[in-house]
Each structure stands twice: as structure tokens, then as C-alpha cells.
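Below: one structure, written as C-alpha cells.
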Amino acid sequence: MESEDDFDMHDANESGEDDFYSGRDDDAGAIPTYDDSDADDADYEFIDNDSDDSVDYVSHSHQQNYTILSEVDIRQRQEDDITRISTVLSISKVEAGILLRYYSWNVSKVHDEWFADEEKVRRSVGLLEKPVVPFPDGEMICGICFETYPYDLLHAAACGHPFCNSCWSGLLCYSHTLFSYHGYISTAISDGPGCLMLRCPDPSCVAAVGQDMINALASDEDREKYSRYFIRSYVEDNRKTKWCPAPGCDYAVDFIFGSGNYDVTCRCSYSFCWNCTEEAHRPVDCDTVARWILKNSAESENMNWILANSKPCPKCKRPIEKNHGCMHMTCTPPCRFEFCWLCLGAWSEHGEVTGGYYACNRYETAKKEGTFDEEEKRREMAKLSVEKYTHYYERWATNQSSRQKALADLQQMQSEHLEKLSETQCQPESQLKFITEAWLQIIECRRVLKWTYAYGYYLPENEHAKRHFFEYLQGEAESGLERLHQCAEKELQVYLNAEEQLKDFNEFRSKLAGLTSVTRNFFENLVRALENGLSDVNSRGACSRMGSSKSLGGGSSRGRSGKGKGSTPRSSGSNRNIDDSGH
């Protein structure tokens with residue numbers, strides 16, 4: 001007898017409304033379907049029903065609109081840009097580097113500005129065509145230390161202002177011993193990336209100091225620092241490039257604008273939003289993420305809790321939490337004021353006349369008269385706010401924990417279990433990729449589901465139809481993801497523990513691969529629906545679940561028997577539509 005958890009993929013979704021989770025869209029271009037005849041080899045057919053925009057969405061959602069750059073890649077791109085500018089503008093590579101650094105490595109902007117007004121650009125950047133003062137052939141006084149030096153111990157930028165090597169570099173040779181002190185270049189490099197825009201030490205001069213002088217005069221340590229700043233500037237000053245924010249990661253991301261999707265996955269496996277550099281958070285926008293993170297770390301929730309669960313001492317005004325049943329409260333030292341919890345009046349005025357120790361007639365009378373209404377309303381609102389936030393935060397955090405656990409399980413699966421499974425089930429590891437794909441899909445879906453709780457928290461309370469529709473979609477997503485997670489975690493364990501080949505392994509392959517496919521399909525459509533603001537809910541605030549199921553991926557799929565033995569039971573009222581009033 002077939003159990004609830006052991007079902008074929010074509011039975012995973014009930015026909016009609018229950019096919020909402022299947023990922024099918026009658027209007028979509030690419031529809032994953034399953035046929036009974038393909039159960040053995042688990043081939044999933046993609047049928048092109050219509051050539052509409054949905055095809056573009058499915059294909060585009062998998063296109064990578066960014067490039068991951070290693071340090072070698074960054075250096076190569078930087079060198080290519082410098083060479084291109086040097087060739088086109090007929091200037092040295094050192095000058096090209098200074099120019100690009102000034103214009104934030106924007107090649108097209110350099111071209112535009114240079115050819116519009118070359119003289120203005122040269123003055124702004126500090127690229128002088130000829131020296132301001134002639135460089136001496138004999139001895140001359142250093143403009144910093146005012147010592148006299150021969151010309152071979154002096155250096156100058158393009159302006160020609162001479163300064164001794166020691167004042168430039170901070171290195172002094174005395175009796176064949178090298179002494180180090182704070183010279184002009186070493187001080188600038190120690191101060192940080194501003195050394196990349198170093199100018200001549202002469203106060204009246206704007207001539208730029210190039211990398212050639214740094215290499216000639218700076219110490220090995222300073223040259224290394226300068227080189228690191230120079231490389232990092234290519235990423236940090238470039239509008240299209242950012243560092244991966246993962247701790248210890250040295251990769252950068254070059255992003256192509258225009259796709260609307262800012263999710264990026266680095267080679268270190270960390271996924272983040274290129275726009276705000278927080279972790280990847282589709283379908284929630286960056287502003288909502290910023291508000292949610294601030295709320296999680298802000299003191300506002302502490303204040304709400306204090307307001308909802310405590311009352312101020314009538315004498316010293318310190319907040320007091322009631323932790324016993326009696327209404328007789330005593331403030332902490334040095335106040336020690338005794339008062340009634342209900343009416344906040346002095347306890348000396350209480351007794352049998354006020355109803356005893358566990359009641360307060362004064363409070364009840366004042367409440368009827370409306371004296372305490374505003375205070376109680378404020379307290380009740382704070383309590384509801386705390387309860388709402390706790391509800392969404394706990395589920396947000398739970399999915400985050402589940403995602404971290406899934407990441408660890410995937411790593412263990414790849415490093416330990418796949419090799420053993422390949423041996424016991426007589427399958428090459430290349431044929432077991434469906435297991436890795438399932439775990440990757442679980443990890444991604446946990447991330448999406450986690451952020452739907454932040455989405456739900458900020459969904460306006462007065463939009464009843466949208467809220468009902470959103471909660472229904474969220475419930476379906478949770479149900480389907482749990483089904484996939486259980487299959488990949490628990491049902492797979494049977495084959496991992498097996499000592500010999502099991503005949504039904506191909507059936508398990510079909511089931512897990514099918515669940516992965518429909519889960520991916522549903523979550524992609526869920527993300528798109530939430531990003532579109534649940535536009536399926538019409539302007540009257542009414543939404544037919546059946547119609548919405550169709551637009552998000554509902555409908556029956558070809559080749560499904562409709563038994564639905566493995567389907568997760570729907571919540572009560574799932575067959576009801578949301579009426580015009582939003583209920």
C-alpha cells in the first residue's frame with residue numbers, strides 16, 4: 001500500500017485547483033510536464049504552447065548579468081583600459097592611469113572630457129605638458145628641508161619643482177645605513193587611498209605625482225601598499241563594479257545594468273544583492289530590507305515591549321514589570337513606593353473598599369468613565385505591534401536557520417555521501433546531479449521564503465484581499481518546499497543507508513527531480529508575483545483563487561492522474577474565493 005510520503009511525481013499535485021503548486025501556466029511559454037511513460041528515465045518535457053513574454057522571462061531569469069573577477073582579472077582589465085587611453089590620447093601609461101583614476105575608471109567619460117577641452121582636463125588632473133621651472137643641472141636647495149643637493153639626488157614631478165630623495169621617500173642613507181622617517185610619499189601612503197591623487201609638495205603647484213615616481217622612490221612596503229590601493233580603486237571607484245561582501249572574499253563583481261535583477265552569486269558561493277550589498281533578498285526590495293534589518297537591530301522593539309508589558313511607577317516613573325498575581329506593587333529601592341497595578345494609585349488608599357487585593361473598583365469605575373481608555377489603547381497597540389513583529393521575525397529566523405542547515409547538508413552530501421551512493425546504487429556520480437540540484441533548490445527556496453515574511457510584515461493591513469492572497473501563496477510555498485525538503489532529507493536516507501542496490505532508486509530519482517522542477521517553477525512565479533505587487537488582485541479588492549492560480553502557475557498538467565496521494569492538505573477554506581470585501 002502506497003504511503004502518503006511515497007508517491008510518484010505525477011501524483012504530487014491534485015488536478016484542478018490543487019495544481020496551483022504545479023508551476024503550470026496556461027499562458028506561459030515553457031511548461032514542465034510529466035508523462036507516465038517517462039517514469040523510468042524521468043525525462044521532463046518542455047512544451048512551447050505560446051510564444052509570449054513568459055518564454056523570455058523563463059530564459060532571462062537564468063541568464064547571468066554579471067561577471068566575477070579575480071585579482072588577476074582586475075589587473076588585466078585595468079591594464080587594458082590604461083593601454084586603450086594611452087593609445088587613443090597619445091599620452092604615457094602613467095598619465096593614462098592618473099587620468100582614469102581621476103574619472104573613476106570611466107573610459108568613455110575620459111574620451112568625452114578630453115576631446116571637449118583638453119587644456120581644462122590637464123589643469124584639473126595635474127597633467128602638465130611642460131615644466132613650470134627648469135630642472136637644475138648643478139646643485140639646488142630642496143624645497144622641504146632647505147639643504148643643498150646635487151641634481152642626481154633630486155627628483156621632481158612634471159612641474160620641475162625639485163625636492164631631495166630623502167624628503168620624497170622618507171629614506172635617509174648615512175654611513176651605508178638606511179634610516180626611515182616620515183617622508184612626503186610614505187606619509188601620503190600611510191594616510192590611505194588618497195595617495196593615488198598625490199600632487200607636488202609645492203603649495204602653489206597642482207602637478208600630479210605618478211606611479212613611476214612611487215616605484216622609483218618609495219620603500220618596498222610602501223610600493224606594495226600603493227599597488228593595492230591602485231588595484232582596489234578600479235573596483236571601489238567604478239560604478240559598475242563592487243567587491244563581494246562575504247568575509248575574506250577577494251572576488252569582485254562587474255555588473256551589467258538593465259536586467260532589473262540584482263541577485264549575484266560569487267564564486268565563494270555567497271549570494272548578495274548588487275544594489276545594496278545585503279544578502280540576496282528577492283522578492284523584497286532594498287528599501288524594505290533596510291527597514292527590516294534596522295528594525296531587527298533597533299531599540300524600538302525593546303521600547304514597544306516595555307510599553308506593552310510594564311507600567312511606570314507613579315512616583316519615580318521607572319518602568320515596572322508585573323511578575324506576581326497580586327495588584328500590590330512595590331517599586332525598587334530607593335523609591336519603594338507602594339501602588340496599585342490597575343489604577344496606579346497609592347496602595348495606602350486601597351483596601352476592602354476598593355475591592356480587595358485582587359481587584360480595584362476605582363479602576364473599573366474610571367474605565368467606564370473613559371479615564372484610562374487612551375492609556376490602555378496605547379498599551380494594547382504596543383502589545384499587538386510586538387506580537388506581530390515576533391510572529392514574522394520568528395519565521396524569518398527559522399527559515400534562515402533551515403537554510404544554513406541545508407547548506408551544511410549539501411556540503412556533506414557532496415564531500416561524503418554521493419561517492420558512497422554511487423557505489424551502492426551502481427550509478428556514476430554524473431547521474432546523481434539531481435540530488436545536488438534538489439539541495440541547491442531547497443537553499444534558494446528557503447532564502448525566498450525567509451524574505452516573504454519581511455514582505456508580509458510591511459504589507460498594509462487595510463489591503464485585505466492582497467493580504468489573504470499573499471498568505472495563501474505563502475502557505476502553498478511552505479507546503480511544497482517542505483515536501484521537497486523531506487524527500488531530499490529523509491527519503492534519500494534510505495538509499496544512503498542501503499548496503500546494496502535498491503530496485504526503486506529510479507522511481508526515487510523521478511520523484512525528487514520532479515519535485516525540484518515544480519518547486520523551482522512555483523517559486524520563480526511567486527517571486528515575480530510579489531515583485532509585481534500581487535497585481536492579480538484586481539482594483540475592486542477581489543481575487544479569485546482559481547484565476548490567480550492560473551496566472552501564477554496553476555492548472556492541470558498533462559499526464560497527471562489526479563490522485564494527489566502525496567499532496568499536503570490544504571488549509572481550511574482553500575476552496576473559497578476572496579469576495580469583494582476582501583474576506
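On a predicted model such as this, the values are computed, not experimentally measured, just so you know.
- Taking the six-membered ring for Trp and the full ring otherwise, the centers of Trp439 and Phe434 sit at least 6.0 Å from each other.
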Full working for side chain to side chain contact (heavy atoms under 4.5 Å, CB included) between Ile443 and Leu410: CA-CA 9 Å; Ile443 292 166; Leu410 173 60; 3.7 Å; yes
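- Between Asp409 and Met413 the shortest side-chain heavy-atom distance does not fall below 4.5 Å.
- At least one donor-acceptor pair closer than 3.5 Å links the side chain of Asp285 to the backbone N or O of Asp287.
- The two residues Ser70 and Arg267 come nearest to each other via the heavy atoms CB-NH1, 4.3 Å.
- Here Phe470 and Tyr472 keep their ring centres 6.0 angstrom or further from each other.
- Distance check: Leu407 CG to Ser269 OG gives 8.5 Å after rounding to the nearest 0.5 Å.
- Residues Thr67 and Val253 have side chains not in contact (no heavy-atom distance under 4.5 Å, counting atoms from C-beta outward).
- Under the 3.5 Å distance criterion, the side-chain polar atoms of Asn521 are left unmatched by any main-chain donor or acceptor of Ser517.
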Just do the side chain to side chain contact (heavy atoms under 4.5 Å, CB included) check on His281 and Phe272 with the steps written out, would you? CA-CA 8 Å; His281 52 71; Phe272 66 98; over 6 Å; no
Trace of the side chain to side chain contact (heavy atoms under 4.5 Å, CB included) decision for Glu461 with Lys388: CA-CA 11 Å; Glu461 293 286 350; Lys388 176 184 175 182; 3.1 Å; yes
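- Counting heavy-atom neighbours within 6.0 Å of Lys433 NZ, excluding the residue itself, gives a total of 12 or less.
- The two residues Tyr251 and Cys266 come nearest to each other via the heavy atoms CB-SG, 3.6 Å.
- With hydrogens and angles disregarded, a donor-acceptor distance shorter than 3.5 Å links the side chain of Ser401 to the backbone of Ala397.
- Looking at every heavy atom in both residues, Phe523 comes nearest to Val448 through CD2-CG1, 3.8 Å.
- In this structure, Gln411 places its CD atom where only 12 or fewer heavy-atom neighbours from other residues, nucleotides or ligands lie under 6.0 Å away.
- Side-chain contact check for Gln474 and Thr452: at least one donor-acceptor pair (N or O, by modelled atom type) lies under 3.5 Å.
- Side-chain atoms of His485 and Arg446 include a donor-acceptor pair closer than 3.5 Å.
- Within the model, atoms CD of Glu338 and SG of Cys313 stand 11.0 Å from one another, a figure rounded to the nearest 0.5 Å.
- Here the straight-line distance linking atom CG of Leu432 with atom CD of Gln414 works out to 12.0 Å at 0.5 Å rounding.
- Of the inter-residue distances, the one linking Thr519 atom OG1 with Glu482 atom CD reads 11.0 Å to the nearest 0.5 angstrom.
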For Ile435 and Leu418, what are the C-alpha separation, side-chain angles and deciding distance, and is it a side chain to side chain contact (heavy atoms under 4.5 Å, CB included)? CA-CA 9 Å; Ile435 297 175; Leu418 285 183; 4.2 Å; yes
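- A donor-acceptor distance shorter than 3.5 angstrom exists from the side chain of Arg447 to the backbone of Arg282, with no hydrogens or angles considered.
- The minimum heavy-atom distance between Tyr66 and Asp263, with the atom names listed, is CE2-O, 3.7 Å.
- With hydrogens and angles ignored, the 3.5 Å screen pairs no side-chain donor or acceptor of Arg403 with any backbone N or O of Glu444.
- At a threshold of 4.5 Å between non-hydrogen side-chain atoms, the residues Gln400 and Lys405 do not count as touching.
- Under a 3.5 Å cut-off, the side chain of Trp292 and the backbone N or O of Trp451 do not form any donor-acceptor pair.
- Side-chain atoms of Tyr457 and Lys295, non-hydrogen and from C-beta on, do get closer than 4.5 Å to each other.
- In terms of modelled atom types and a separation under 3.5 Å, the side chain of Tyr262 and the main chain of Thr277 share no donor-acceptor contact.
- Judged by distance alone, the side chain of Arg467 and the main-chain N or O of Leu459 form a donor-acceptor pair under 3.5 Å.
- Contact annotation: the side chain of Lys315 never approaches that of Cys331 to less than 4.5 Å [non-hydrogen atoms, C-beta and beyond].
- Checking side-chain atoms of Lys242 against main-chain N and O of Asn275 turns up a donor-acceptor pair under 3.5 Å.
- Going from atom CD of Glu478 over to atom CZ of Arg395 covers 8.0 Å, rounded to the nearest 0.5 Å.
- Here the closest heavy-atom approach between residue Leu481 and residue Ile442 is recorded as CD1-CA, 4.2 Å.
- Ser104 OG to Lys240 NZ: the interatomic distance, rounded to the nearest 0.5 Å, is 13.0 Å.
- Remark: the Asn399 side chain and the Ser402 side chain contain no N/O donor-acceptor pair separated by less than 3.5 Å.
- Taking the side chain as every heavy atom from C-beta outward, Arg239 and Asn106 never approach each other to under 4.5 Å.
- Aromatic ring orientation, Tyr393 versus Tyr389: parallel (interplanar angle below 30°, classes split at 30° and 60°).
- In this structure, the side chain of Ser510 engages the main chain of Asn506 through a donor-acceptor pair within 3.5 Å.
- The aromatic rings of Tyr495 and Phe508 lie tilted to each other, with the angle between the two planes from 30° to 60°.
- When every heavy atom of Pro245 is checked against every heavy atom of Tyr270, the shortest pair comes out as CG-CE2, 3.7 Å.
- Contact annotation: the side chain of Val494 approaches that of Leu502 to within less than 4.5 Å [non-hydrogen atoms, C-beta and beyond].
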